[in-house]
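This structure is a prediction, so every number in the text was calculated from the model and none was measured.
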Amino acid sequence: MVDRRMRAPNAPLPGSPAGVGAPGRSIRELPVTERPRERLAQRGPGGLTAAELIGLLWGSGVRGRSAVYLAADALASHDGLAGLARANELELAAIPGIGQAKAAQLLAAFELGRRLMADWPAGRWSIRGPHDIAERLILQMGRLEREELRVVILDTKNHVLRVETVYQGNVNASLVRVGELYRDAVRLNAASLILVHNHPSGDPTPSPDDLHLTAEALAAGRLLDISLLDHLVIGHDAYVSLRDRGVAFDRPTAAAAGARSAQD
């Protein structure tokens, strides 16, 4: 968190170009070369600070404070971009100068980023291990307020064909129809799939229900000749792979992989 005690009243906040963070100056009063929009045109988005990018998103600040200054203040109050991305609407709106409209804009921007991390062209996202799934889906699912169960559908080369949400609400073995987990995999002639669901509590420790659901899904996959490779449980900032925890999952056999390749 930024230490404000030694900062002069009009000094720029850390991470902002000189003058941009000064609370008494609007962006229009800055030299052209220091304005975020002009800097974006010259340097590209990668050349701007997080505060400048957020300031561009907001477009305007409040009396006495530029949008970039507000953004730098918001980043400081939440220990950086990652902390700001985890804040909810009430927490964002409570930051002085932001309010509901700017909070909504910021939430929308972060959500688009999360969706981009999870959405990937078919055949271009290759799974080598549980981290390849977790690094994409933990941003989408780690802070959900209710449980979701998703199915990651794979081809013979472990390329992702599709990610489908099959259940929302209380995900347990007594409520989930196992056939629903494999419906799209059968339609796509998939080789295997991976289950992913979240714990809204933030603790990714697998429950007895999680283990029971995994066992039922494994049995169904063997009947359908579609391998269940893993079941990931996602918490707020962490995940657990049941395969890594010692659960015996199926691996595609050479014969099954060859048969599917011949069909393709």
Side-chain angles (χ1 to χ4, degrees), residues 118-138 140-142 144 146-200 203-235 238-264:
D119 294 339
W120 203 254
R124 297 187 186 179
W125 176 15
S126 182
I127 302 300
R128 294 161 297 178
H131 63 280
D132 291 321
I133 299 175
E135 70 180 4
R136 292 183 181 275
L137 295 187
I138 199 168
Q140 272 200 346
M141 302 177 67
L144 293 176
R146 59 178 181 173
E147 284 187 273
E148 284 192 6
L149 176 60
R150 300 187 186 184
V151 176
V152 181
I153 304 171
L154 308 172
D155 65 12
T156 56
K157 296 181 180 180
N158 282 352
H159 293 154
V160 175
L161 298 173
R162 190 175 297 174
V163 179
E164 293 287 349
T165 300
V166 291
Y167 270 88
Q168 293 179 322
N170 188 14
V171 176
N172 62 56
S174 63
L175 296 178
V176 174
R177 295 176 58 189
V178 175
E180 291 292 314
L181 306 181
Y182 289 89
R183 180 188 58 194
D184 290 324
V186 170
R187 291 174 179 172
L188 295 171
N189 192 31
S192 56
L193 58 80
I194 296 171
L195 301 182
V196 185
H197 88 278
N198 65 299
H199 283 175
D203 181 2
T205 303
S207 68
D209 263 336
D210 297 339
L211 297 174
H212 185 49
L213 175 60
T214 302
E216 290 198 344
L218 275 167
R222 293 183 185 119
L223 291 174
L224 295 169
D225 195 25
I226 299 175
S227 299
L228 178 63
L229 300 183
D230 205 344
H231 184 175
L232 272 60
V233 184
I234 289 179
Y239 73 95
V240 168
S241 159
L242 268 65
R243 175 183 285 279
D244 288 350
R245 285 290 181 97
V247 175
F249 284 86
D250 294 335
R251 294 184 182 275
T253 64
R260 287 192 176 86
S261 297
Q263 292 174 7
D264 295 340

Check whether any side-chain heavy atom of [X] lies under 4.5 Å from a side-chain heavy atom of [Y], and answer yes or no.
X      : Y      : answer
Leu213 : His197 : no
Leu137 : Arg150 : yes
Gln168 : Glu147 : no

Say you draw a straight line from [atom1] of [X] to [atom2] of [Y]; how long is it, rounded to the nearest 0.5 Å?
X      : Y      : atom1 : atom2 : answer
Leu232 : Leu242 : CG    : CG    : 8.0 Å
Ile127 : Leu193 : CD1   : CG    : 12.5 Å
Arg162 : Leu188 : CZ    : CG    : 4.5 Å
Met141 : Arg136 : CE    : CZ    : 15.0 Å
Asn189 : Ile153 : CG    : CD1   : 11.5 Å
Ile133 : Tyr239 : CD1   : OH    : 9.5 Å

Restricting to non-hydrogen atoms, name the atom on [X] and the atom on [Y] that form the minimum distance, rounded to 0.1 Å.
X      : Y      : value
Ser207 : His199 : N-CE1, 4.4 Å
Pro130 : Asp244 : CG-OD2, 3.7 Å
Ser192 : Asn158 : OG-OD1, 4.0 Å
Leu161 : Ala190 : CD1-CB, 4.3 Å
Ala238 : Ile138 : N-CD1, 3.4 Å

Answer yes or no: is there a donor N or O on one side and an acceptor on the other, between the side chain of [X] and the main chain of [Y], under 3.5 Å?
X      : Y      : result
Tyr167 : Arg177 : yes
Arg243 : Leu229 : yes
Tyr182 : Ala217 : yes
Asn198 : Glu148 : yes

Check your understanding: Taking it one step at a time, do Leu154 and Val160 satisfy side-chain contact (heavy atoms from CB on, under 4.5 Å)?
Key -> CA-CA 5 Å; Leu154 308 172; Val160 175; 3.8 Å; yes
Review point. Considering the options Ile194, Val152, Thr214, which one meets the side chain to side chain contact (heavy atoms under 4.5 Å, CB included) requirement together with Asp230?
Key: Ile194
Point to revise | Test side-chain contact (heavy atoms from CB on, under 4.5 Å) applied to Arg183 and Glu164, step by step | key: CA-CA 10 Å; Arg183 180 188 58 194; Glu164 293 287 349; over 6 Å; no
**Study point:** Residue pair Ser126, Asp132: steps toward the side-chain contact (heavy atoms from CB on, under 4.5 Å) verdict
**Key:** CA-CA 8 Å; Ser126 182; Asp132 291 321; over 6 Å; no
Practice item. Apply side-chain contact (heavy atoms from CB on, under 4.5 Å) to Leu149 and Val196, showing your working. Key: CA-CA 6 Å; Leu149 176 60; Val196 185; over 6 Å; no
Exercise for review: Check the side chains of Thr205 and Asp203 for a donor-acceptor pair under 3.5 angstrom, ignoring hydrogens and angles.
Suggested key: yes
